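Scroll down for the structure; my scribbles are underneath it.
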Protein chains: 2
Amino acid sequence: MSAVCADCAVRDASLCSSLGDDALRQLHRIGRRQRVARGETMLWAGSDSLVCATLLSGVLKLSAATSDGREQIVGLHFPSDFIGRLYADTIPFTVSALTDAELCVVPRDRFEAMLTTNGEMERLLLKRTFATLDATRARLLILSRNTAAEKVAGFVLSMAERARGISDFQALPGGPVTFELPLTRGQIADVLGLTIETVSRQLTKLRHAGVLALPGVRSVTIRDAAALRHCAGLD
Amino acid sequence: MSAVCADCAVRDASLCSSLGDDALRQLHRIGRRQRVARGETMLWAGSDSLVCATLLSGVLKLSAATSDGREQIVGLHFPSDFIGRLYADTIPFTVSALTDAELCVVPRDRFEAMLTTNGEMERLLLKRTFATLDATRARLLILSRNTAAEKVAGFVLSMAERARGISDFQALPGGPVTFELPLTRGQIADVLGLTIETVSRQLTKLRHAGVLALPGVRSVTIRDAAALRHCAGLD
DNA sequence: CGCTGAGTTGACAAACGTCAAGCAATGTGG
DNA sequence: CCACATTGCTTGACGTTTGTCAACTCAGCG
């Protein structure tokens, strides 16, 4: 039996936040907790769309591949994000775990039925989907028009913002910030549409320029946030 | 005063198809027809999100640009498509007309209010937004991992499918198909994340290979659909 | 102590962008 | 009716960016 919703880490950030007590109890009865290990694939592109989920902890990737094996990560999912494809028979993209992860899984048909009777939840999902669409379209610009240097600098910035939001580690204005990247070089390359070598070269270039320090292989210190923003092509 | 909804060319394909007679009359009262000339911009990125619309005829582009002027078309809108950004204060992307176009425009706040009382329409919009998101994510893979040859071949194929669906011109299986491109070379380049010269070169390469004929500057004849699909990296 | 996987670095090649010239179709004003 | 400008398109020469291939380092681990 899954833990109670009252204990849920993402209770107030997920779609469930729009539910009243009755609806929440109902959802709790049909949902179950599931753990996914780092590297494991949870949903395969092309498979039947039978379940959806809320991500409780960890980071998932959404990926597509060309017929000859070139891969592209088309989305990243963080805790409280909604996972799965409603109103479709098949899953369009593969969902895999970049870190160990925990989900609250619900059968798709049951979830769709809940949506029709919970207008507030449906509206929240609609709003989030619009926001995701905007973010995906913005990434279209980045992937096709930004240089490798701009992509890597922008990626580090976006991960820094996310890390700052999640951890309590606060950035002194202008002062150095350190955080861990939840992705390997290869995964960063798959997000940015680059190769692992190009990502590595751009990071060392930023280190030599004094913009970043790389104390560990997965940790990053931003030493000059303004310069980093400039490299990312912002302002 | 706008023409009556009964005459609407996209009556059965647009969001309005989910409305009953009463709701349709209500929407008709708050909507108005608007014409946009080829090249004209209808909504500017960053401006207030005050209206939304249904596209009645023509083709619109949704575009973003880097701070130094590199442009990327992040979406194309065809008749019956929903235009605008609900549930946000500002428009995220610029909307411009690639051809002369006609729209049915509604104030955003009124439209949002109608959505809350028309669950079926809201669900249809949610379904369409999911489909658009999937298509946009698929384009992420194409833009970052496909070669110029694959991009151009795939684009011609997708425009052929759309032209076939809209016109009555049916493809003989395997036989040649001719249709008009609604975009200039420069606009195709902005869609595919290439330059105008690369698009031009790839098209002439396909012509020399006997895959395409280019009878007019805007018209295309597919002479070997199987070869074109192969060039696009499909099958 | 060798093995493995992730990362770094270098040499080289290919793809694509940039710059430039020229052509064809269309429109405009004298 | 014609000179002329404008716009979209094509083609060529060349340079830059990024991918490819390969060697090497480093840390963790049995």
Side-chain angles (χ1 to χ4, degrees), chain A residues 37-39 65-66 68-72 98-99 141-156 180-209 212-220 231 233, chain B residues 37-40 61 66 68-73 98-99 141-156 180-209 212-220 231 233:
Chain A
R38 173 191 165 91
T66 59
D68 59 340
R70 289 166 283 176
E71 182 183 348
Q72 175 65 43
L98 294 180
T99 67
L141 175 67
I142 291 168
L143 278 184
S144 80
R145 301 298 190 190
N146 278 15
T147 64
E150 290 168 334
K151 287 178 182 179
V152 171
F155 179 80
V156 171
E180 297 286 311
L181 293 174
L183 285 76
T184 67
R185 299 287 187 269
Q187 289 162 349
I188 295 172
D190 283 340
V191 170
L192 299 178
L194 299 170
T195 58
I196 185 171
E197 293 95 333
T198 302
V199 172
S200 183
R201 276 188 254 266
Q202 294 299 331
L203 283 174
T204 46
K205 216 176 75 181
L206 288 170
R207 180 165 57 79
H208 286 145
L212 297 182
L214 305 170
V217 82
R218 284 292 190 86
S219 50
V220 176
C231 289
Chain B
R38 173 192 166 90
E40 203 177 320
K61 73 171 182 182
T66 59
D68 59 341
R70 288 165 284 175
E71 182 183 348
Q72 176 65 42
I73 295 182
L98 294 181
T99 67
L141 174 67
I142 291 168
L143 277 184
S144 80
R145 300 301 190 189
N146 278 14
T147 63
E150 290 168 333
K151 286 178 181 178
V152 171
F155 179 80
V156 172
E180 296 286 310
L181 293 174
L183 285 76
T184 67
R185 299 286 187 272
Q187 289 161 351
I188 295 173
D190 284 342
V191 170
L192 299 178
L194 298 170
T195 60
I196 185 171
E197 294 95 332
T198 302
V199 172
S200 183
R201 276 187 252 268
Q202 294 299 330
L203 283 174
T204 47
K205 215 175 76 181
L206 288 171
R207 180 165 57 81
H208 287 145
L212 297 182
L214 304 170
V217 79
R218 285 290 192 86
S219 50
V220 177
C231 289

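No experiment lies behind these values; they were computed from the predicted model shown. Order of the sequence lines sets the chain letters (A, B, ...), proteins ahead of strands, with each chain counted from 1.
What separates CG of A:L192 from C1' of D:dT18 is a distance of 14 Å, to the nearest Å. In this structure, B:L206 places its CG atom 15 Å from C1' of D:dT10, rounding to the nearest Å. In this structure, NZ of B:K151 is placed 11 Å from C1' of C:dA15, rounded to the nearest angstrom. Going from atom NZ of A:K205 over to atom C1' of C:dT9 covers 15 Å, rounded to whole Å. Atom CD in B:E150 sits about 15 Å away from atom C1' in C:dA14, given to the nearest Å. Atoms CZ (B:R218) and C1' (C:dA24) sit 15 Å apart, rounded to a whole Å. Atoms CG (B:D190) and P (D:dC9) sit 12 Å apart, rounded to a whole Å. Computed from coordinates, the A:R207 CZ to C:dG7 P distance equals 14 Å when rounded to whole Å.
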List the steps, then state whether side-chain contact (heavy atoms from CB on, under 4.5 Å) holds for B:N146 with B:L192. CA-CA 10 Å; B:N146 278 14; B:L192 299 178; over 6 Å; no
Start with the C-alpha distance between A:R145 and B:D190, add both sets of side-chain angles, then the distance that settles side-chain contact (heavy atoms from CB on, under 4.5 Å), and finish with yes or no. CA-CA 10 Å; A:R145 301 298 190 190; B:D190 284 342; 3.4 Å; yes
Go through it in stages, so that I can follow the logic: the residues are A:K151 and A:T198, the test is side-chain contact (heavy atoms from CB on, under 4.5 Å), and I'd like the CA-CA distance, side-chain angles, deciding distance and then a yes or no. CA-CA 11 Å; A:K151 287 178 182 179; A:T198 302; over 6 Å; no
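A:G193 comes within contact range of the sugar-phosphate backbone alone, with a heavy-atom separation under 4.0 Å but no base atom that close. Among the heavy atoms of the strands, none lies under 4.0 Å from A:R145. Within the nucleic acid shown, B:G39 has no heavy atom closer than 4.0 Å to any nucleic acid atom. A:L194 comes within contact range of the sugar-phosphate backbone alone, with a heavy-atom separation under 4.0 Å but no base atom that close.
A donor N or O paired with an acceptor N or O is not found under 3.5 Å between the base of C:dC16 and the side-chain atoms of B:Q202.
Of the possible polar contacts, none joining the A:Q72 side chain to the A:A65 backbone as a donor-acceptor pair under 3.5 Å is found. Using modelled atom types, no side-chain atom of A:Q202 and backbone atom of A:V199 make a donor-acceptor pair closer than 3.5 Å.
Of the listed nucleotides (C:dG7, D:dT10, D:dT20), C:dG7 has the atom at the smallest distance from the side chain of A:I196. Closest approach to the B:E197 side chain among C:dA20, C:dT9, D:dC9 is made by C:dA20 (side chain taken as heavy atoms from C-beta onward).
When the side-chain nitrogen and oxygen atoms of B:T198 are compared with OP1 and OP2 of C:dG17, one or more of them lie within a distance under 4.0 Å. The side chain of B:T184 contributes no N or O atom lying less than 4.0 Å from OP1 or OP2 of D:dG8. The side chain of A:R201 places no N or O atom within less than 4.0 Å of a non-bridging phosphate oxygen (OP1 or OP2) of D:dT18. The phosphate of D:dG19 (OP1 or OP2) has no side-chain N or O of A:R70 nearer than 4.0 angstrom. The side chain of A:T204 places an N or O atom within less than 4.0 Å of a non-bridging phosphate oxygen (OP1 or OP2) of C:dT9.
Looking at which nucleotide of DNA chain C each of A:L214 and B:A148 is closest to, the 5′-most match is held by A:L214. Mapped onto DNA chain D by nearest heavy atom, B:R38 and A:N146 fall at different nucleotides, with B:R38 at the one closer to the 5' end.
For the pair A:R70 and B:T147, the minimum side-chain heavy-atom distance is below 4.5 Å.
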